[in-house]
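What follows is a set of notes on a single structure, which appears directly below.
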2 protein chains.
Amino acid sequence: MKDVAGRAGVGLKTVSRVVNGEPGVTLETRRRVQEAIDALGFRRNDSARVLRKGRTATVGLVLEDLADPFYGPLSRAVEEVARAHDTLLINGSSAHDPCREQELALALCSRRVDGLLVVPAGPDHRYLEPEMNAGIATVFVDRPARGIAADTVLSDNHGGARSGVAHLIAHGHRRIGYIGDLPRIHTAAERLRGYRTAMEEAGLPVRPGWVSLGSTAPERVRRAAEEMLGGPDPVTALLTGNNRVTVTVVRVLAEREPHRPVALVGFDDFELADLLRPAVTVVAQDAAGLGRVAARRLFDRLERTDLPPAVVELPTRLVVRGSGELPPAG
Amino acid sequence: MKDVAGRAGVGLKTVSRVVNGEPGVTLETRRRVQEAIDALGFRRNDSARVLRKGRTATVGLVLEDLADPFYGPLSRAVEEVARAHDTLLINGSSAHDPCREQELALALCSRRVDGLLVVPAGPDHRYLEPEMNAGIATVFVDRPARGIAADTVLSDNHGGARSGVAHLIAHGHRRIGYIGDLPRIHTAAERLRGYRTAMEEAGLPVRPGWVSLGSTAPERVRRAAEEMLGGPDPVTALLTGNNRVTVTVVRVLAEREPHRPVALVGFDDFELADLLRPAVTVVAQDAAGLGRVAARRLFDRLERTDLPPAVVELPTRLVVRGSGELPPAG
DNA sequence: CTGAAAGCGCTTACAG
DNA sequence: CTGAAAGCGCTTACAG
């Protein structure tokens, strides 16, 4: 910038004015400065700008896995909102690891992102309290923060799971299993609660072998499904706790082809669910909505720091396609 | 930092040493500084650090659409490599728009990312030349840059498409169609070339109605598929140009159920391809490999700026599942 | 082992 | 309309 000023024979501030399109520069001066900029190939260094202005025009998004299709629409929605605010998005995965979540979130805070969108992997978020007090707007998405009060945008996990199981019950099932994510994950626990609510409301017992929580690694899910279907107390229908689980269970069911069909309702919609045979009935979340609402809240908070923390819950939608309407076998 | 120094009764440089874990501080001093840091809730401001050091420890990744499943594994692979280099990832989508690509890439350069990974959407990348000369390492992924010499990591699009079509020919097809992305997109053009090569090698003609290039919007693809299958000169097999096209074509074929089956080979693998009926034979790209190799090259270049630009081509793999082995109808 | 001074490249708050 | 000075919060290059 100094070089540009020198070459154009003007002061630093005038260059700054031209670069930022501020008024108060004669056309002639502006032209001379622009010429120097082009000749020198000058580009403003935003790092310096940021240091002075305070705002980085950057927000961070911490999620579990960039490659999980659930986060695709969510990320895209966040990006669209950020873009409307001329803000860039730093994207990172915790890989389901609480330590990595914290490491990433704090690294983003050190970069002085204006705001932080976090899909929590960890059990405790007090580590973010000083950062939030220091002015980094923070919104939790898909799962609530633990140990601190903060803006949160969730799906109606309890209601969704409950309606999915009620749907199976309405189609005659009484022996229904639930395979979900790790119990420490809020969504998994809430969906389990929804499952239990629906069973209870129908006066149905839940046998111990009918609930299996754990990692969504295919081997673990496969084993859980096979035990539930092949054990002494087999279920006739399943609720799967998220799209990773559903995909594996669909595989297991396809391999059992010659056996009696098992009804299935999956939590989370997924591409091609409608083309499988049977097509998969799901409790669909509004993944893009989660991202959009959370990002909007983040930018609202950036403008009004005194907003009290709020929790928003987005509805889910039962999408009937076939697998959830299979009658109980036997 | 000044406050910390004041409270601990030491100089700025000593605080800096403690914060960065540099040697040359007595245990006692270190303890006093650490205490002040904790009491004041101090966190180093990386913007200032960056301004001084030159490197931002950030790389940018410009792709087409965060929600396209093809980019999931690619992004994740880039992130893993970046993480190994203690580097953060700024992720953005061009939404297939050349202007947005340029806008995004230049914004990232203004932020002084250390490096840039670009999946080009635009027809001309000379706009990046000054940035690259100014020291921003740049690697193009999935498609080559236009108008400049730069590191590039590609799939073997020509060879992959050729092998896919040869596979269909080997199964008796002579009337084969190709539905692909916009012709200005390098991968689409290369895959078309592979299709033509295979047809020519088998001595088969390519009728005008058998090739359809254009947007991957479902309506466009649907129309193209219906015309090719229902016209006066119908094909018995199809090569689809990427996963977006394949998914729509699978839908069209499923709706035609009662008709004679049409053979299909899709470019790009996709989740659940094995569970469709028929399961979908694909030419699989190594999406994670593209990201990994490109990111590694980027960090190599960060260390040795004098590397000559190189083009790497990753092999594809034909995954035989059923849809590509259907015999020609009629 | 420790610290004072200069500077990274901008913007802010003024003054002319 | 234009510009000189100070400062954002660090690190670098020295000196003690």
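Proteins come first, then strands; the chains are lettered A, B, ... in the order of their sequence lines, and each starts at number 1. Computed from a prediction, not measured in an experiment: that's the story for all the values here.
Sorted by first and then second residue, the ring pair (Phe, Tyr, Trp, His ring centres under 6.0 Å) pairs with a member in residues 114-137 of chain B read B:His125-B:Phe140; sequence neighbours excluded. The salt bridge (Lys or Arg N to Asp or Glu O under 4.0 Å) analysis of residues 116-128 of chain B, with sequence neighbours excluded, yields the pairs B:Asp124-B:Arg126. Contacts classified as ring pair (Phe, Tyr, Trp, His ring centres under 6.0 Å) and involving residues 75-115 of chain A (residues at least two apart or in different chains) are given here: A:His85-A:Phe299. The ring pair (Phe, Tyr, Trp, His ring centres under 6.0 Å) pairs that include a residue from residues 15-73 of chain B number zero, where partners must be two or more places apart or lie in different chains.
Scored by the side-chain contact (heavy atoms from CB on, under 4.5 Å) test, B:Pro98 finds B:Pro123, B:Arg184 as partners (sequence neighbours excluded). Checked against salt bridge (charged side-chain N to carboxylate O under 4.0 Å, His left out), A:Glu313 has no partners two or more places apart in sequence or in another chain. Partners of A:Asp86 by side-chain contact (heavy atoms from CB on, under 4.5 Å), not counting sequence neighbours: none found. Shown here are the side-chain contact (heavy atoms from CB on, under 4.5 Å) partners of A:Asp97, two or more places apart in sequence or in another chain: A:Cys99, A:Arg100.
Residue B:Val10 is the one, among A:Ser16 and B:Val10, whose nearest nucleotide of DNA chain C lies closer to the 5' end (criterion: closest heavy atom). Across the interface with DNA chain D, nearest-nucleotide mapping of B:Met1 and A:Leu12 shows A:Leu12 to be the residue nearer the 5′ end. For the pair A:Lys2 and B:Lys13, both in contact range of DNA chain C, the more 5′-proximal nearest nucleotide belongs to B:Lys13.
Listed by residue number, B:Phe42, B:Arg43, B:Arg44, B:Asn45, B:Ala48, B:Arg49, B:Leu51, B:Arg52, B:Lys53 are the residues of residues 22-54 of chain B with a heavy-atom contact under 4.0 Å to DNA chain D.
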Study note, to complete from the structure: Output field dot_bracket for DNA chain D (Watson-Crick or G-U, both distances under 3.5 Å, | for other-strand pairs) contains |||.||||||||.|||

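Side-chain contact annotation: A:Asn133 with A:Glu129, donor-acceptor N/O pair under 3.5 Å absent.
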List the atom pairs, with distances to 0.1 Å, where a side-chain N or O of residues 1-18 of chain B and a protein N or O form a donor-acceptor pair under 3.5 Å, not counting sequence neighbours.
| from | atom 1 | to | atom 2 | distance (Å) |
| --- | --- | --- | --- | --- |
| B:Ser16 | OG | B:Asn20 | ND2 | 3.4 |

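Note that the first and last nucleotides of DNA chain D, 5' to 3', having any atom under 4.0 angstrom from a heavy atom of chain A are D:dC1 to D:dG9.
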